[in-house]
Amino acid sequence: MNAPSPKLLNATVRITRMRSKSRHGCIAFGHRVDLATGLNDRATALVISVPSTITEPGNISVGGIYEVYGEARSIQHAHGSHTVTETQIEVQDIYLVRPSGSQVIQWIADHVTGIREVKATKLWDAHGEWLYDVLDGRDHDAVQSILPSEHVRTGLFEKWAEDGDSKTLRFVQDRDIPLDLARKVIKFHKKNTIAALIDDPYRLLSFEGSWKRVDGIARAKFDVALDDSRRLAAALEEALYRVADKGHTCATLKDLLGTVSRLVNPYSAHETALSKALLQGKTAGQFVTRLAANGDLLLHAPGAFLMERQCAEFIHELFRNPDTQRQLFPTDIDAVIGDFEREERMHLGIPDFALNDAQKAAIKISFENRFSIITGGAGVGKTTVLKALYRVLDTLGRPCFQMALSGRATARMTEATHRDAITIAGFLRRVSDEDVGPAPIIVIDEASMLDLVSFHRLVCKLPAGTHLILVGDPYQLPPIGAGLVLHVLCELPGIPMTQLTEVKRQAKESAIPAAAKAIREGRWPAFSADAAGEVVIIPCSDEQIIPTVLKFYEQDRDSTQILAATRSCPFAGVEAINRICHVRYAGHGRHLMAINPETGDVEATGFCEGDLLLYTANSWQRNLQNGSLGKLIEVFDKPQNINLGDDESPDIRIALGRAIYEGVEHYVLDSDVDVIQHAYAITVHKGQGSQFRRVIVPIRKSRVLDRTFIYTATSRAEVQVILVGDIDAVKQAVALPPKAFGRQVGLGEMLITGK
């Protein structure tokens, strides 16, 4: 690449794509145009850097034509045998020559057969604002030079008459509503778009994640005052969605006041003003309010409120309607359990194998009730209970589905119970109502991670005759999404529930279950400072966390998994550890290469022979699940065509190499490149439900570090667990209640009060 001295350049430029925007300015891509001749010079790419000292980044829009003046450099990039030239312009002056027309251009390209964005742009360039009149008037002569086909012209005018709305498209363009946002709004509100946005421009928030962007449009283009009740109601709604990001499904006005004040700055929001805004929001359907048992007024987003209420009603129905079919066909539970124990003794070669009293009680309670919970700490035999419970449930002759949220958890269920398991998403998508039948048995494992949205989607699919069993540990990691299910239900009186306490996984003399139990209960465990111990903690500074982790990792790499709290932390995150491990352990091996589908260039993927891999999607056909761990064992000299189907139904794919996942060899396909990651370190979420002989946990204070993280990470280990890092952060995390228990949700009270 060469970079000659800059020269001053004056050019007319169409902006085609934004690369970045910030408070410092923006960087955009474009090409030169000649308005006199209509020429678009796409051969030479332009990169326009516009500092915010010249104009606000929001004033530069895709599709607009600008007169640009500044220092220009011609840069050449080599891509294999091809060389691409681009001109970089450091802008000193810029002004708009012609608005973008981006909304009507994109509408035409999206809706009219035979016209794509290039031709749609030419139509705008030729007519500008008059294009709306051309379309309204079906003026064939005006567009014939660009669209010589009468069939295409007729299709354009017919589609415009059917769905086009020049008034709406002009409106969103005049108000500087960005193209991506305008398309969503028009698709939803259609011909009511103008009336809807004039009534309340903050309706844009339903389609846009940035409060700053929507608030800026509302204030600048709709003249909304700082203290407008619509603005305050919208800020309340935005604050409610922000607490949902922390897991809550409802909040009080007091909880929201601080966030609202920051959103509506420089206006100072007081509770009196928020009360008026609350009335505005209730009238507009932005909130549902409910009086809590302690007298607090709770605000719910309508969607969250309806989901929690439907889930509560579903569980109530399971209690209200007893299962009469079981009374007609009684099952000798003790006899079935006895048969199971005898078979397990022979299969395991353990003459004294037997279920303990709590395990037998769990089987009976879960069989006799249409809704029940089996809970307990790590390694207490929950899976063994399921194996025996299925034997008893089989006597009912009903379809039984065992499932979990993640693909890796379902793989572990299948391996442990020798029965098919499916993710909740897979069940919702692939299992028909006919297969479910009127009275299915549903078993959900790792239920501590069950969020409100997933549970609600499941509830909507399940029939009234369902028999539902939740299995999990509320002290393990909570749901990533908003809401709580298992945690709430475990705290409610009258729920049929069994808690298992006797540890089965490790030998009874192992220190790991005792440490895990102490952490689960909020007590400081008997950590050892001896690196040869079973439960070890090594204090060190941030800068020494990764070197210390790697020192212990190298002692037994094949049996060790590094489990971290976050992905991006430079001192203790998954990405930083994986980068270092990749270079150290595999970076000198053969690189996995793939073909860029856009450029056709052969590019390095960042993976090498010997790299540890994490699969992050579910490929049921290939028996690969989200969370499957593996190793890249071979990189092919060149891509190979392989058939994943059979002779009658071939499925030809491009393979780049081979990997072993969970002990099974698989081809690495070109389509896998986007769904694999390095796996020297993984998040604890990815490791939940799994066991590793040896676990190393880098620890640094963060918002996700709490007791559930320490407990879950510790209980993944079979032989040794080593915590490395900030010992004070560990002590605080263990001592404080799990953060999930502080989530404010409505499900519990709805189950108690029936409202």
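Along the sequence shown, residues carry numbers from 1.
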TODO: Would you please test T417 and Y390 for side-chain contact (heavy atoms from CB on, under 4.5 Å) and show each step?
DONE: CA-CA 9 Å; T417 64; Y390 289 143; 4.1 Å; yes
Open item on the list: Between F371 and L470, is the side-chain contact (heavy atoms from CB on, under 4.5 Å) condition met? List the steps.
Closed with: CA-CA 8 Å; F371 176 77; L470 301 183; 4.0 Å; yes
- [ ] Go through W524 and I519 one step at a time and tell me if the side-chain contact (heavy atoms from CB on, under 4.5 Å) criterion holds.
- [x] CA-CA 6 Å; W524 187 246; I519 294 168; over 6 Å; no
- [ ] Evaluate the criterion side-chain contact (heavy atoms from CB on, under 4.5 Å) for residue pair F692 and E718; output intermediate values, then yes/no.
- [x] CA-CA 6 Å; F692 309 99; E718 295 175 332; over 6 Å; no
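Put simply, the side chain of T414 gets close to the backbone of A421: a donor and an acceptor are under 3.5 Å apart. When atom types are taken as modelled, the side chain of S454 and the backbone of D451 share no donor-acceptor pair closer than 3.5 angstrom. A donor-acceptor distance shorter than 3.5 angstrom exists from the side chain of N578 to the backbone of A681, with no hydrogens or angles considered. At distances below 3.5 Å, not a single donor-acceptor pair connects side-chain atoms of S559 with backbone N or O atoms of D556. Put simply, the side chain of S628 never gets that close to the backbone of L624: no donor and acceptor are under 3.5 Å apart. Panel note: side chain H467, backbone N369; a donor-acceptor pair is recorded below 3.5 Å. Judged purely by atom type and a 3.5 angstrom limit, R391 has no side-chain atom pairing as donor or acceptor with the backbone of I337. In terms of modelled atom types and a separation under 3.5 Å, the side chain of Q499 and the main chain of G376 share no donor-acceptor contact. Of the possible polar contacts, one joining the T616 side chain to the V675 backbone as a donor-acceptor pair under 3.5 Å is found. Of the possible donor and acceptor atoms, one in the side chain of D706 sits under 3.5 Å from a partner among the backbone N and O of F709.
The shortest distance between side-chain heavy atoms of S510 and E534 falls below 4.5 Å. At a threshold of 4.5 Å between non-hydrogen side-chain atoms, the residues T331 and V336 count as touching. Looking only at side-chain heavy atoms (C-beta outward), D445 and T410 stay at 4.5 Å or farther from each other. With a 4.5 Å cut-off on side-chain heavy atoms, I676 and Y661 count as touching.
In terms of the side-chain hydrogen bond (donor to acceptor under 3.5 Å, both in side chains) criterion, residue partners of Q677 (sequence neighbours excluded) are, by chain and number, R567. Under the side-chain hydrogen bond (donor to acceptor under 3.5 Å, both in side chains) criterion, R523 pairs with E521, sequence neighbours left out. Contacts of N618 classified as side-chain hydrogen bond (donor to acceptor under 3.5 Å, both in side chains), with partners at least two apart in sequence or in another chain: none. With sequence neighbours left out, the salt bridge (Lys or Arg N to Asp or Glu O under 4.0 Å) criterion links D611 to no other residue. The salt bridge (Lys or Arg N to Asp or Glu O under 4.0 Å) check on R419 picks up D394, with sequence neighbours excluded. In this structure, the salt bridge (Lys or Arg N to Asp or Glu O under 4.0 Å) partners of D339, at least two apart in sequence or on a different chain, are R342. For K254, the side-chain hydrogen bond (donor to acceptor under 3.5 Å, both in side chains) criterion is met by no residue, not counting sequence neighbours.
A side-chain hydrogen bond (donor to acceptor under 3.5 Å, both in side chains) with Q744 is found for exactly one of D296, D255, T252, T249, namely D255.
The distance from atom CD1 of I315 to atom CZ of R320, rounded to the nearest 0.5 Å, is 11.5 Å. For the atom pair T289 OG1 and F305 CZ, the distance stands at 8.5 Å (nearest 0.5 Å). Annotation: the span from R584 atom CZ to R579 atom CZ amounts to 14.0 Å, rounded to 0.5 Å. In this structure, CZ in R408 is found 8.0 Å from CG in L614, a value given to the nearest 0.5 Å. With values rounded to the nearest 0.5 angstrom, L468 atom CG is found 6.5 Å from L318 atom CG. The distance from atom CG of L462 to atom CZ of R457, rounded to the nearest 0.5 Å, is 12.0 Å.
Of the charged side-chain nitrogens involved, at least one lies within less than 4.0 Å of a carboxylate oxygen, so that K387 and E344 count as a salt-bridged pair. Note on R520 versus D473: salt bridge recorded, some NZ/NE/NH1/NH2 to OD/OE distance being below 4.0 Å. R290 and E749 are joined by a salt bridge, as a carboxylate oxygen and a charged side-chain nitrogen come within less than 4.0 angstrom of each other. Ion pair D334/K364 flagged as a salt bridge, since at least one NZ, NE, NH1 or NH2 atom sits closer than 4.0 Å to an Asp/Glu carboxylate oxygen.
Scanning both residues, E662 and G627, for their nearest heavy atoms gives OE2-O, 4.2 Å. The shortest heavy-atom contact between L458 and M403 is CD1-SD, 4.0 Å.
Heavy atoms of other residues, nucleotides or ligands lying less than 6.0 angstrom from CZ of R693 number 12 at most. For CG of N294, the number of neighbouring non-hydrogen atoms (other residues, nucleotides, ligands) closer than 6.0 Å is greater than 12. Atom NZ of K739 has more than 12 heavy atoms from other residues, nucleotides or ligands within 6.0 Å.
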Validation: residues 475-496 side-chain donor-acceptor distances under 3.5 Å, sequence neighbours left out:
residue : atom : partner : partner atom : Å
Q476    : OE1  : Q688    : NE2          : 3.1
H487    : NE2  : P474    : O            : 3.1

Side-chain polar contacts of residues 535-546 - donor-acceptor pairs under 3.5 angstrom, sequence neighbours left out - could you list them?
residue : atom : partner : partner atom : Å
D542    : OD1  : R700    : NE           : 3.4
D542    : OD2  : R700    : NE           : 2.9
D542    : OD2  : R700    : NH2          : 3.3

Quiz: residues 720-738 side-chain donor-acceptor pairs under 3.5 angstrom, not counting sequence neighbours:
residue : atom : partner : partner atom : Å
Q720    : OE1  : R694    : NE           : 2.8
Q720    : NE2  : A531    : O            : 2.8
Q720    : NE2  : G533    : O            : 2.7
D726    : OD1  : D728    : N            : 3.1
D726    : OD1  : A729    : N            : 3.1
Q732    : OE1  : K701    : NZ           : 2.4

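There is no side-chain donor-acceptor pair under 3.5 Å between Q561 and Y680. Side chain to side chain, S528 and D530 fail the donor-acceptor criterion of an N or O pair below 3.5 Å. Checked by atom type, the side-chain pair Q625/S406 shows no donor-acceptor distance below 3.5 Å.
The ring-ring contact (aromatic ring centres under 6.0 Å, His included) pairs that include a residue from residues 240-260 number zero, where partners must be two or more places apart or lie in different chains. Sequence neighbours left out, the pairs with a member in residues 371-386 that pass side-chain hydrogen bond (donor to acceptor under 3.5 Å, both in side chains) are S366-S372.
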